[in-house]
Amino acid sequence: MTPTEGPTPTGNDAGPDPQPGTGAEPVAEGRTADDEATAGGGAGEDASGEGLPGGGRRGDTVAAVVRQWRAVHPGLDTGPMEIIGRINRCAALLQQAEDAPLRRAGLSRPEFDLLGALRRTGHELTPGDLARETFSSGAAVTKRLKQLTERGLVERRGDTRDRRVVHLRLTDAGRDLVDAILPVQLAYETAVLSGVDGPEQGELAALLGELLSQLEGRLGVLRA
């Protein structure tokens, strides 16, 4: 098992499509997100809070995995595991809780991502545009759009010059739903990060931004 497995999908959809280069692969059937994150590899410290070059605070529950791999392969550099394992572990825990407001609204995470893309861009998008914005396959986007259209959250408009092209936009109900859910999501994220000092949050955001930018540029996963 490697540390490249991500969070358990939640909601009424199978969950977001894997994002190439980010290590966000679906959890294997029959296993929980915690199982996958723990089995995949973690980072930080041993049970005493010492001994791992990745540092970390006491309570890093996946640190034992690093010790186990070092026992099996003493000369192996576990540095990448200590970073990617932590990212996946955090993603698993965060997404499980973050999806609660979506479930109450009868939405899956991928469906909300589509609605959010239409809201934040502020203009009509084609299914292809939405696939690129949400890192999803065309087939998955088509299925989700059908459900959202039937619920009256998204409306379709045919192109006047090319009948094969469809333009999509939020209905008033769709816009109101996104605007109602987003503050709840942000409030949850604020509470989660409350234990991290402001300057540390900025440093963490900058480091993650640099990593994401490198992955997107190297692997061509953004608007390829």
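Quantities reported herein were computed from a predicted structural model and do not represent experimental measurements.
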Step by step, work out the side-chain contact (heavy atoms from CB on, under 4.5 Å) result for D129 and T121. CA-CA 11 Å; D129 293 332; T121 56; over 6 Å; no
For a 4.5 angstrom cut-off between non-hydrogen side-chain atoms, does L102 reach Q185? yes
Once rounded to the nearest 0.5 Å, what's the spacing between atom CZ of F112 and atom CD1 of I181? 5.5 Å
For A117 versus E133, what's the shortest heavy-atom pair and its separation? CB-CB, 4.2 Å
Taking C-beta and beyond as the side chain, do L148 and L107 meet within less than 4.5 Å on heavy atoms? yes
Counting N and O atoms only, with roles assigned by atom type, does the side chain of D162 sit under 3.5 Å from a partner on the main chain of R164, one being a donor and the other an acceptor? yes
Closest non-hydrogen contact found for A191 with S194 is O-OG, 2.7 Å
Do the non-hydrogen side-chain atoms of V196 and L204 ever get within less than 4.5 Å of each other? no
So do the side chains of L114 and L118 get within less than 4.5 Å of each other, counting heavy atoms only? no
Using a strict 4.0 Å threshold on nitrogen-to-oxygen distance, state whether R144 and E111 make a salt bridge. no
In this structure, are over 12 heavy atoms from other groups packed under 6.0 Å from E203 atom CD? no
T126 and its side chain to side chain contact (heavy atoms under 4.5 Å, CB included) partner, picked from V165, V166, V141, L168: V165
Do R119 and D179 have side-chain heavy atoms sitting under 4.5 Å apart? yes
So does R86 pair up with E82, basic N to acidic O under 4.0 Å? no
Please give the remaining members of the hydrophobic cluster of V192, linking ILVMFWY side chains under 4.5 Å, ordered by chain and number. L94, Y188
Donor-acceptor pair, distance only, cut-off 3.5 Å: does the side chain of R156 make one with the backbone of T149? no
Nearest 0.5 Å, what's the CG-CG distance between L177 and L182? 11.0 Å
Hey, are the side chains of L125 and H123 touching, using non-hydrogen atoms and a 4.5 Å cut-off? yes
Search all heavy atoms of A173 against all heavy atoms of G152 and return the closest pair with its distance. CB-O, 4.0 Å
From OG1 (T171) to CZ (R151), nearest 0.5 Å: 10.5 Å
So, the side chain of S213 versus the backbone of G209: is there a donor-acceptor pair under 3.5 Å, distance only? no
Quick one: pull up CG in D197 and CD in Q201 and give me the separation to the nearest 0.5 Å. 8.0 Å
Do the side chains of L170 and L153 get nearer than 4.5 Å, heavy atoms only? no
From I87 atom CD1 to R89 atom CZ, the distance as rounded to the nearest 0.5 Å: 14.5 Å
